[in-house]
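Okay, so here's the structure we're looking at.
These figures come from a predicted structure and were not determined experimentally.
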Amino acid sequence: MSASDPVDDPEPNRRRTLRRFVAVIRAFLPLALAFARDRRRFLLFGRRRNVTVDDQRRRARYLLDVLLDLGPTFVKVGQILSTRPDVLPPAYIEELSSLQDEVPPEPWESIRPVFEAALGPVDEAFDDFDRAAMSGASLGQVYTATYEGEPVAVKVLRPNIRERVESDLIVVETLLPLLLRFAPPGQQFTMENLADEFASTIRGEMDYEAEADRLNEVRDNFGDDPEVTIPAVVDDRSTTRVLTMEYVEGTKITDVSTLESKGLDPTEIVERLARIYFQMIVEDGIFHADPHPGNLSVLDNGSIVFYDFGVVGRLSQARRDQILDFYVGLATDDIDRVIDAFIDMGALDPQVDRELMREVFALVIQQLEGQPFEQEQIQQYIREFQAAVGDISDFPFRLPQDLALIVRVATVLEGVTRTLDEEFDFIETVTDLVTEKGVDDLGATDIARDEIAAILRTTTEAFVNVPAKGEDTLSTIVRGDAALTFLYREDPSILRKLVARVSLGIGVGVGGLATSALVAFGAPLAAGGMALATAGGGVVLWRSFRRSRSRTVAAGAKVAERSVTRNR
């Protein structure tokens with residue numbers, strides 16, 4: 001790539017930052033006062049106000065106008081918020097979704113200095129260059145051109161955008177602590193992660209050299225897949241502020257009538273899209289994170305084209321394993337496994353009402369299977385959550401930054417898939433993908449090895465760890481929420497011994513199953529070792545009951561006697 005020659009100073013001007021700070025405060029003050037009065041009707045005292053859906057829609061329209069008036073940085077804020085149902089109510093999401101559409105482009109004369117500082121005179125850089133922008137976005141805009149006889153797309157940053165964004169980020173970072181202070185406890189973690197996500201995302205979108213690297217990495221992952229098309233980067237006509245790619249024209253992915261007229265099946269396109277994202281997220285650990293309809297098209301042969309790699313998510317191997325476990329839960333209709341996966345990922349409060357969450361996830365799965373549900377069902381669950389936690393804003397979901405991008409992808413893709421096929425069964429597709437991964441990628445031998453490893457791991461954990469339910473019980477007792485609180489306070493050793501015996505009992509039981517499995521898989525030495533360990537655990541468990549039976553009875557009588565004396 002060519003060396004970059006800065007046109008604008010990326011360091012924010014202090015005077016500009018101060019002006020932006022005042023402008024942002026003035027713009028958001030009416031909303032802030034309204035939200036404050038929702039919590040206290042007369043700001044300092046009074047009960048909560050009842051906020052209707054119409055109130056939310058009116059405020060959402062005001063917020064939309066504010067974001068547009070404040071410019072590109074806050075347009076990006078709105079775009080991110082429009083994909084975060086964990087942060088805003090549906091009325092806001094619906095209104096802010098219009099920000100996913102194109103932003104009016106700036107005139108060429110404003111863009112020319114940025115372009116020429118990077119690549120020189122436009123007529124020398126390209127054979128032909130159409131100075132009317134093909135599309136405009138909040139940070140840059142795209143033009144069509146011809147280079148060495150081939151059509152290309154040229155993306156150019158808006159002028160002075162880096163300085164403007166850095167000034168706005170200072171304002172956001174300055175106001176964030178104040179915002180968090182007044183935010184509901186259940187929203188503070190999510191909002192802080194949202195601010196971090198926004199800052200890293202928008203800075204990444206303004207570095208076209210880094211975007212080219214991300215594009216090439218994903219393109220290499222699908223190099224042998226004819227069902228995926230990613231435009232190639234033209235290196236010698238790309239810099240940090242100008243990105244030139246081959247021009248690939250397809251049918252917009254939501255243009256169902258045109259797709260069908262070309263003999264393409266919308267349902268097959270949805271299934272293909274799901275498979276592609278399964279590979280990106282579960283196998284590759286890097287995924288295109290902005291799949292709105294303007295960034296996806298379909299070639300006449302059915303290949304899906306991905307444009308714009310300004311926003312890309314990355315996942316560690318541990319996170320990908322957790323997500324795969326979530327998918328397996330969906331595929332096997334194991335809602336408890338789905339809930340456990342969310343807890344493991346740090347996305348769900350471990351103390352959540354599991355029964356209520358089972359009902360919620362059952363509703364989500366029903367939707368993923370393409371089955372309609374009644375609005376009254378949603379309202380019922382909202383009422384139950386409000387009764388359980390006091391405020392729907394204290395919803396027990398907490399999204400880490402990497403998962404937030406997956407939620408963003410899922411939210412945007414949901415609209416795309418429903419346009420293509422209203423009854424698309426995502427669960428069936430996930431089941432097929434999980435099955436294919438288990439059979440094709442692992443093979444029968446590897447599956448057996450993985451099952452043995454899983455059994456050994458489970459057995460080891462059962463011997464050395466307190467079971468999850470035991471941990472939950474102890475935590476509940478420590479908080480003083482259980483009926484056993486009194487007994488625990490009188491003699492903590494009783495419950496600790498109980499939990500230890502339950503752990504040992506589970507270990508012995510799992511050890512027996514493990515021994516049988518190891519014998520079946522042809523591992524006699526490991527089976528012998530496991531049998532000895534299991535037998536030893538059984539002896540210890542048996543002796544613990546014999547040794548402490550009389551002492552436990554005596555201790556229980558003593559506790560009961562003290563309880564009677566205290567009550568008198």
Side-chain angles (χ1 to χ4, degrees), residues 1-8 10 72 75-76 79 102-103 105-106 108 110-148 150-165 200-222 228-250 286-292 294-297 305-314:
M1 290 192 180
S2 305
S4 58
D5 303 314
V7 174
D8 48 2
V75 169
K76 295 301 296 182
Q79 289 177 340
E102 293 185 351
V103 176
E106 292 198 26
W108 167 250
S110 299
I111 299 295
R112 182 197 294 270
V114 179
F115 180 93
E116 292 188 346
L119 296 178
V122 63
D123 292 330
E124 296 179 12
F126 293 94
D127 304 338
D128 183 55
F129 192 95
D130 186 349
R131 289 161 176 78
M134 178 176 67
S135 65
S138 55
L139 302 178
Q141 47 202 58
V142 181
Y143 299 85
T144 56
T146 303
Y147 178 68
E148 295 185 347
E150 297 294 331
V152 293
V154 184
K155 186 159 69 168
V156 187
L157 273 181
R158 289 177 181 260
N160 301 313
I161 191 65
R162 289 176 177 167
E163 179 187 357
R164 295 161 66 186
V165 166
S200 61
T201 295
I202 197 169
R203 286 185 175 122
E205 285 192 77
M206 293 187 298
D207 186 347
Y208 287 167
E209 191 170 22
E211 179 179 342
D213 291 339
R214 296 189 292 265
L215 182 154
N216 286 329
E217 184 175 354
V218 178
R219 190 169 186 266
D220 289 343
N221 290 337
F222 290 93
V228 182
T229 299
I230 298 174
V233 175
V234 181
D235 288 333
D236 58 359
R237 286 297 179 269
S238 299
T239 72
T240 60
R241 293 184 319 281
V242 177
L243 178 59
T244 303
M245 300 161 286
E246 65 173 323
Y247 181 76
V248 179
E249 185 174 10
I286 177 172
F287 59 95
H288 182 283
D290 194 18
H292 67 80
N295 285 340
L296 300 172
S297 69
V305 186
F306 289 80
Y307 308 106
D308 193 349
F309 284 77
V311 186
V312 167
R314 290 186 182 273

**OP:** State plainly whether the residues Asp123 and Arg131 are in salt-bridge range, i.e. N to O under 4.0 Å.
**Re:** yes
Original post:
Roughly how far, to the nearest 0.5 Å, is the OG atom of Ser238 from the CE atom of Met245?
Top reply: 7.5 Å
Original post:
Thinking salt bridges, do Asp308 and Lys155 make one under a 4.0 Å N-O criterion?
Top reply: yes
Subject >> Side-chain donor/acceptor of Arg314 to backbone N/O of Ile286, under 3.5 Å >> reply: no
Original post:
Side chains of Thr244 and Val233: does their closest heavy-atom pair fall under 4.5 Å?
Top reply: no
Subject >> Non-hydrogen atoms of Ser110 and Pro159 that approach each other most closely >> reply: O-CG, 3.5 Å
**OP:** Mind checking ring-ring contact (aromatic ring centres under 6.0 Å, His included) for Tyr143 and listing every partner two or more places apart, or none if nothing turns up?
**Re:** Trp108, Phe129
Subject >> Spatial distance of atom CZ (Phe115) from atom CZ (Phe126) [nearest 0.5 Å] >> reply: 4.5 Å
Original post:
Who pairs with Thr201 by side chain to side chain contact (heavy atoms under 4.5 Å, CB included), at least two apart in sequence or on another chain?
Top reply: Glu197, Glu205, Val311, Arg408
**OP:** Determine, stepwise, if the pair Val312 / Glu211 fulfils side-chain contact (heavy atoms from CB on, under 4.5 Å).
**Re:** CA-CA 9 Å; Val312 167; Glu211 179 179 342; over 6 Å; no
Original post:
So, for Asn295 and Asp290, which heavy atoms are closest and what is the spacing to 0.1 Å?
Top reply: ND2-O, 2.9 Å
Subject >> Main-chain N/O of Gly204 paired with Arg214 side-chain donor or acceptor, under 3.5 Å >> reply: yes
**OP:** Would you confirm whether Asp130, through its side chain, and Thr144, through its main-chain N or O, come within 3.5 Å as a donor-acceptor pair?
**Re:** no
**OP:** Heavy atoms only: give me the nearest Pro105-Ala133 pair and the separation to one decimal.
**Re:** CB-CB, 3.8 Å
Original post:
Regarding Asp236 and Tyr147, is there a side-chain donor-to-acceptor distance under 3.5 Å anywhere?
Top reply: yes
Original post:
Between Arg241 (side chain) and Val156 (backbone), is there a donor-acceptor pair under 3.5 Å?
Top reply: no
Subject >> Atom of Tyr208, atom of Val242 and distance for their closest heavy-atom approach >> reply: CD1-N, 3.5 Å
Subject >> Nearest-0.5 Å distance, CG of residue Asn160 to CD of residue Glu163 >> reply: 6.0 Å
**OP:** Report the C-alpha separation of Ile161 and Val114 in whole Å, then their side-chain angles, then the decisive distance to 0.1 Å, and conclude whether the side-chain contact (heavy atoms from CB on, under 4.5 Å) test is met.
**Re:** CA-CA 10 Å; Ile161 191 65; Val114 179; over 6 Å; no
Original post:
With no hydrogens and no angle check, is any side-chain donor or acceptor of Arg219 less than 3.5 Å from a backbone partner on Ile230?
Top reply: yes
Original post:
Are any of the side-chain heavy atoms of Phe309 and Val218 separated by less than 4.5 Å?
Top reply: yes
**OP:** Please examine the side chains of Leu296 and Val305, heavy atoms only from C-beta on, and report whether any two atoms are closer than 4.5 Å.
**Re:** no
Original post:
Quick one: does Val152's side chain get under 4.5 Å of Arg237's, heavy atoms only?
Top reply: no
**OP:** State whether the side chain of Thr146 and the backbone N or O of Asp128 hold a donor-acceptor pair below 3.5 Å, judged by distance alone.
**Re:** no
Original post:
What is the distance from atom CD of Glu209 to atom OG1 of Thr240, rounded to the nearest 0.5 Å?
Top reply: 6.5 Å
Original post:
Does Gln141 use its side chain to pair, donor to acceptor, with the backbone of Glu106 at less than 3.5 Å?
Top reply: yes
**OP:** Return yes if some donor-acceptor pair links the side-chain N/O of Asn216 with the main-chain N/O of Ala212 below 3.5 Å, else return no.
**Re:** yes
Original post:
Is it true that a side-chain atom of His288 and a backbone atom of Tyr307 form a donor plus acceptor pair closer than 3.5 Å?
Top reply: yes
